[in-house]
Amino acid sequence: MSSNTASSSAATAGSGDSSAARKNSKRPKYSKFTQQELPACKPILTPGWVISTFLIVSVIFIPLGVISLFASQDVVEIVDRYDNDCIPAPARTNKVAYIQGGGDKACNRTLRVTKRMKQPIYVYYQLENFYQNHRRYVKSRSDSQLRSPKYENQISACKPEDDVGGQPIVPCGLVAWSLFNDTYTLSRNNTRLAVNKKGIAWKSDKEHKFGNRVFPKNFQKGNLTGGASLDPDIPLSEQEDLIVWMRTAALPTFRKLYGKIETDLEMGDTIHVTLQNNYNTYSFSGKKKLVLSTTSWLGGKNDFLGIAYLTVGGICFFLALAFTIMYLVKPRRLGDPSYLSWNRNPGGR
Amino acid sequence: MKRFVYINDDEASNELCCDNRISNRKYTLWNFLPKNLWEQFSRFMNQYFLLIACLQLWSLITPVNPASTWGPLIFIFAVSASKEAWDDYHRYLSDKKANEKEVWIVKQGIKKHIQAQDIQVGNIVWLRENDEVPCDLVLLGTSDPQGVCYVETAALDGETDLKTRIIPSACVGIDLELLHKMKGVIECPIPDKDIRRFDANMRLFPPFIDNDVCSLTIKNTLLQSCYLRNTEWACGVSVYTGNQTKLGMSRGIAEPKLTAMDAMIDKLTGAIFVFQIVVVMVLGIAGNVWKDTEARKQWYVQYPEEAPWYELLVIPLRFELLCSIMIPISIKVSLDLVKGLYAKFIEWDVEMIDQETGTASYAANTAISEDLGQVEYILTDKTGTLTDNKMIFRRCCIGGIFYGNENGDALKDAQLLNAITSGSTDVIRFLTVMAICNTVIPVQSKAGDIVYKAQSQDEDALVIAAAKLHMVFVGKNANLLDIRFNGLTIRYEVLEILEFTSDRKRMSVVVKDCQSGKIILLSKGADESILPYACAGQQTRTIAEAVDHYAQLGLRTLCLAWRELEEDEYQEWSVKFKEASSVLVDREWRIAEVCQRLEHDLYILGVTAIEDRLQDGVPETIETLRKAGINFWMLTGDKQNTAIQIALSCNFISPEPKGQLLLIDGKTEDDVSRSLERVLLTMRITASEPKDVAFVIDGWALEIALKHHRKDFVDLAILSRTAICCRVTPSQKAQLVEILKSCDYRTLAIGDGGNDVRMIQQADIGVGISGREGLQAARAADYSIGRFRFLKRLILVHGRYSYNRTAFLSQYSFYKSLLICFIQIFFSFISGVSGTSLFNSVSLMAYNVFYTSIPVLVSVIDKDLSEASVMQHPQILFYCQAGRRLLYL
């Protein structure tokens with residue numbers, strides 16, 4: 001890289017000639033800024049620089065990609081789609097009617113652990129084709145009401161789930177109203193696996209966005225019942241399922257944390273899940289999945305980062321190689337004015 | 001359309017006339033807000049942003065907090081408004097200073113001290129030496145017994161010489177005390193802005209009985225903003241006051257110039273707007289369809305079954321608001337800011353300071369710097385622009401004998417000096433014409449030297465040369481001129497001055513030799529306006545040859561002539577002349593006609609040749625700029641031969657065989673038509689050859705060509721990279737600029753004199769040389785520079801950098817707005833096409849203002865190439881000219 005600091009030789013013009021300066025007080029003062037001569041550096045892309053830059057990028061990126069991929073591979077993930085199977089075969093012609101009907105909707109699922117899973121193991125539910133980012137849905141909440149009992153009546157944004165018979169609903173709005181209400185009970189070898197439901201929400205949400213003196217009121221008391229109900233004696237800051245749900249997902253396919261298993265699962269273990277299939281995703285053919293997953297230092301199972309690193313690193317390596325060959329086969333002198341367009345075809349523009 | 005001004009009459013004060021309050025303000029304190037807002041909202045962009053901001057107040061459709069649009073909008077409006085307010089406040093302050101200046105006026109016969117703003121039309125105003133004239137006055141009396149006073153008109157027309165003003169003949173000899181009691185009426189035209197004309201009449205009331213209606217000209221006036229010099233006191237009656245003065249009327253608001261870049265940005269904005277509408281319509285339809293098919297099934301959204309009538313519009317409007325950030329709201333403010341800085345860089349540049357006079361360059365128009373980088377045609381004046389306008393008398397030809405041919409300096413030619421000592425009649429008459437046929441004022445300096453104050457550099461050169469040849473113009477006392485020749489003082493009385501106009505192209509004086517009482521007419525002028533009037537029997541061939549010979553050397557020539565008049569011939573003519581001088585309508589034309597009657601049968605004395613040197617660095621500048629793909633046209637009022645010589649010496653055209661000059665001439669329509677066709681044909685044939693072809697046309701042929709063969713001439717203009725137009729008038733210069741502009745070329749006009757003003761105002765960029773011919777051109781221009789050679793730096797360095805920076809900045813502004821908008825559009829596909837914003841209001845605003853708008857302003861000091869390499873390869877300017885930095889087409 002050739003560092004090209006602007007010369008300051010033109011400074012002579014500014015000094016001297018005091019007789020003229022006396023006559024004209026508007027005469028500009030000399031400074032590097034006014035003369036546009038601030039030191040600057042303009043990289044010139046010589047073959048050496050270009051090739052080595054690409055090479056360095058590829059040398060850094062390829063190992064990074066490999067490491068990321070390995071980290072992602074280490075994560076053990078069990079995914080079980082249950083929305084279809086948890087409806088008894090006779091009711092499958094009209095799933096919506098089944099889910100909206102009464103009665104026990106218990107369902108048993110069996111999961112196999114294919115690889116040893118170290119604790120903590122996270123239990124998620126995954127919804128697909130569910131638009132938590134729909135404008136009507138996202139806006140239908142009142143953050144001030146959630147924060148403090150003082151603002152209980154700030155429900156204008158919550159329509160149509162804002163009040164019941166003139167009494168404000170706490171928490172109001174479509175987001176809270178549609179709270180997910182499937183429940184899972186896990187057991188291994190007939191012993192119950194404890195799922196810890198504490199500490200699944202963001203700390204900042206619990207401490208700042210959901211007040212510890214705000215209690216649910218009139219919730220799910222309207223004509224339509226959306227999702228789960230809340231215990232009116234527990235403050236919102238302790239209702240972690242609600243807090244997790246109300247942090248709306250940006251994409252229509254999303255996972256939300258249900259709880260944590262704090263024991264290791266061995267390879268070959270069979271896990272029985274007893275779930276209550278309450279939540280209606282059938283009217284819009286959304287999928288429901290139960291996910292058990294460990295984490296690595298890089299997060300959950302996601303190969304994207306590793307693949308991206310490998311791709312960019314690979315392209316850079318290829319380019320470095322190509323430029324090196326071009327440079328060796330057909331070298332060109334740098335800064336040769338005969339290559340300038342007006343020198344190549346004189347007269348032409 | 002006349003106005004009557006009653007001198008010193010408080011009762012008859014005219015309703016139509018305003019007081020002398022000068023107001024250059026655009027706003028008052030009360031109308032500032034509404035008027036400024038109205039002005040800002042007349043721009044389409046602003047109307048659009050206001051509409052968006054208003055829509056955002058409707059919470060059903062707004063994707064973000066309205067503050068994210070209102071904030072920047074109010075900020076931008078506040079910035080523009082405060083800039084206007086600041087400018088207006090300064091105008092107010094300078095007005096106030098002028099308005100509250102104390103002046104002496106006469107009221108009810110008593111001298112009073114009042115503020116300048118209280119002067120009424122008809123008041124008599126008293127001025128002392130070095131006072132500024134507060135309003136337009138008609139002179140009534142001065143301290144000089146002859147009724148003469150001197151004014152400096154620099155603030156009015158930029159000319160730094162002193163001009164004489166005389167009191168009207170009716171007021172001659174009125175006592176100082178009586179001036180207070182003077183009554184009368186002045187019949188003058190309604191206010192106009194012509195500072196060279198004042199065609200009025202005056203009649204005094206008893207006791208100052210004077211039956212004649214006394215005619216008034218501009219010579220009898222003191223115009224606002226002039227200074228009284230070399231005169232103890234003067235007094236006059238105010239005729240125009242306040243904003244109705246000649247200065248006030250000519251102070252128009254110049255039409256704002258739009259750069260090619262601005263036009264392109266406007267077009268881009270329009271295109272993006274269309275794109276936005278398409279996106280909005282597509283997404284709006286998709287959104288409504290999705291809503292009616294999918295969203296009805298999404299029970300958690302609870303779409304109501306019943307919808308208000310405007311339901312269909314809600315989603316499209318939401319997308320309109322989401323996509324409104326596609327058009328960058330900050331682009332205008334950012335561009336204004338950086339453009340201001342470009343102008344400052346031009347003014348600060350120490351390499352563009354004229355070392356001789358210490359004048360820096362000045363950018364009067366801060367908005368068009370990037371146009372400098374896109375110039376395709378430069379139209380230049382010759383005298384004072386390419387040349388130094390420092391006239392030096394070099395050679396002469398008197399009675400067929402050439403002087404100064406051997407050593408190139410007639411002042412040192414022994415032959416001429418001998419002729420003077422021996423007292424050759426022709427030579428002495430020649431010198432007399434040189435010394436007194438002019439409007440020069442000799443001023444005795446304190447050291448005893450004589451300094452000449454001349455309006456034209458030619459006259460100055462002639463008087464100085466005459467003085468060196470022992471014919472010294474010593475003093476001027478009203479109408480009496482004193483000439484010292486060989487220790488002998490000769491006194492002449494000036495009877496009339498037949499002034500120079502660009503139509504007549506000659507000037508004459510009628511003088512009376514005070515010793516012999518002979519009346520003589522002395523004339524000087526261009527050869528074609530003098531030689532046709534030679535007396536019968538005189539051979540003008542040698543004179544014409546001398547003129548050609550000098551012109552080929554690149555010298556300016558003037559023919560001098562002489563005629564003795566009979567007493568009665570003069571008297572008879574004098575009456576007619578007085579008559580013509582007092583006409584109110586077409587006075588100039590009538591005077592020219594009367595002058596013609598006297599200027600005939602002239603005895604041609606000889607020819608003077610004056611050298612006008614090229615400025616430093618002119619050939620190099622033209623060569624470099626030509627390499628950069630800029631075409632040059634030279635427009636001059638000078639003779640064809642002189643123009644061609646200068647053109648050759650400054651690389652304007654190449655000599656044979658590399659270059660070829662094609663002449664278009666002819667006096668009749670057919671001649672010009674044939675000549676034009678021939679040149680056009682040659683031009684087309686040689687277009688493919690690497691040859692410098694230029695055409696030369698004179699004013700007469702140009703007039704015909706523009707009138708009858710405009711299309712052919714336009715074709716020629718497109719083909720020709722170089723042209724020389726000689727003997728053209730100021731309006732023809734402007735017409736030529738107009739023709740090039742109509743072919744979509746970016747033109748730059750550069751000139752230094754009053755005759756270039758129209759061309760400078762007409763061109764896309766006007767550059768004035770702050771030279772010797774006054775500051776008129778520099779005042780009218782967008783940029784004023786001290787020397788022609790600075791043009792290279794102005795275009796290649798400042799113009800090019802400005803263009804590149806503006807191109808980068810506007811591209812970047814569009815890019816960053818489109819980028820964030822595309823994210824929103826893609827997100828809408830996975831959010832049920834419902835118009836959810838991915839970003840919250842604060843992030844959006846921060847992105848627009850803090851992350852992307854402010855940091856990028858640093859690009860204003862970016863340089864892509866060093867100044868040295870641009871100067872070395874001026875061809876790099878092609879990219880700017882083609883506008884390829886903004887649009888890679």
Side-chain angles (χ1 to χ4, degrees), chain A residues 4 6-7 10-14 17 19-24 26-31 33-38 40 42 129-140 156-157 159-161 174-175 177-178 224 226-227 250-253 280 283-286 337 340-343 346-347 349, chain B residues 59 63 287 291 294-304 315 318 344-345 347-362 627 629 688 690 797-798 801 827-828 830-838 860-868 872-873 875-876 878-879 881-882:
Chain A
N4 178 6
S7 75
T12 47
D17 202 3
S19 60
R22 160 186 56 83
K23 197 181 155 198
N24 195 325
K26 270 172 76 181
R27 190 190 177 92
K29 283 220 178 69
Y30 176 85
S31 84
F33 173 70
T34 59
Q35 299 312 306
Q36 307 191 56
E37 280 170 0
L38 291 172
K42 180 116 193 154
N129 202 26
F130 189 101
Y131 288 89
Q132 262 205 322
N133 56 15
H134 194 281
R135 190 193 138 89
R136 219 179 130 79
Y137 185 82
V138 142
K139 295 228 155 205
S140 184
S156 57
K159 278 191 173 110
E161 287 299 324
L174 290 172
V175 187
W177 174 74
S178 59
L224 277 169
L251 303 181
T253 298
N280 177 13
S283 57
F284 50 89
S285 29
L340 294 170
S341 65
W342 54 85
N343 288 341
R349 281 235 186 160
Chain B
S59 65
K291 182 189 76 184
E294 288 297 312
R296 296 262 179 240
K297 298 183 207 156
Q298 315 270 1
W299 55 268
Y300 51 88
V301 180
Q302 282 196 7
Y303 254 117
I315 289 181
R318 269 184 204 155
K344 278 287 164 216
F345 279 140
E347 287 174 16
W348 285 333
D349 195 336
V350 290
E351 283 178 50
M352 297 211 318
I353 298 173
D354 187 358
Q355 291 300 323
E356 232 173 86
T357 59
T359 32
S361 307
Y362 176 66
K627 261 199 217 156
S688 54
V797 175
H798 293 287
Y801 283 149
F827 180 65
S828 74
I830 50 169
S831 65
V833 211
S834 58
T836 319
S837 171
L838 180 63
V860 75
I861 48 174
D862 181 47
K863 291 169 143 185
D864 60 337
L865 290 171
S866 71
E867 287 168 17
Q872 210 176 350
H873 300 286
Q875 290 95 331
I876 197 85
F878 290 164
Y879 291 91
Q881 283 169 338

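First the proteins, then the strands, lettered A, B, ... as listed; each starts at 1. Any value given below was found using the heavy atoms of this structure, including those in side chains, with hydrogens, waters and symmetry copies removed. Nothing here was measured: the structure is a model prediction, and the numbers come from that model.
- Here the shortest heavy-atom pairing between A/Asn133 and B/Ser831 reads OD1-CA, 3.2 Å.
- Note that CD of B/Gln298 is 6.0 Å distant from CG of A/Asn129, once rounded to the nearest 0.5 Å.
- Of the possible polar contacts, one joining the B/Lys863 side chain to the A/Gln36 backbone as a donor-acceptor pair under 3.5 Å is found.
- With sequence neighbours excluded, the residues forming a ring-ring contact (aromatic ring centres under 6.0 Å, His included) with B/Tyr300 are A/Phe130, A/Tyr137, A/Phe284, listed by chain and number.
- Contacts between B/Ile861 and chain A at a heavy-atom distance below 4.5 Å involve the side chain alone, from C-beta outward.
- In this structure, the separation between OG on B/Ser828 and CZ on A/Arg135 is 12.5 Å, given to the nearest 0.5 Å.
- For the atom pair NE2 of A/His134 and CD of B/Glu294, the computed distance is 10.5 Å after rounding to the nearest 0.5 Å.
- Chosen from B/Gly832, B/Ser837, B/Ala295, the residue pairing most often with chain A at heavy-atom distances under 4.5 Å is B/Gly832.
- Proximity to chain A (any heavy atom under 4.5 Å) is restricted, for B/Arg318, to the side chain, taken from C-beta onward.
- In this structure, the side chains of B/Val301 and A/Tyr131 stay at 4.5 Å or more apart for every pair of heavy atoms.
- Listed by chain and number, the residues in a side-chain contact (heavy atoms from CB on, under 4.5 Å) with B/Asp864 are A/Lys42, B/Arg800, B/Tyr801, B/Asn804, B/Arg885 (sequence neighbours excluded).
- A side-chain donor-acceptor contact under 3.5 Å links B/Gln302 and A/Glu161.
- Proximity to chain A is limited to the side chain of B/Phe827, based on heavy atoms less than 4.5 angstrom apart.
- The most heavy-atom pairs under 4.5 Å with chain B, out of A/Ser178, A/Ser285, A/Ala157, A/Ser31, come from A/Ser178.
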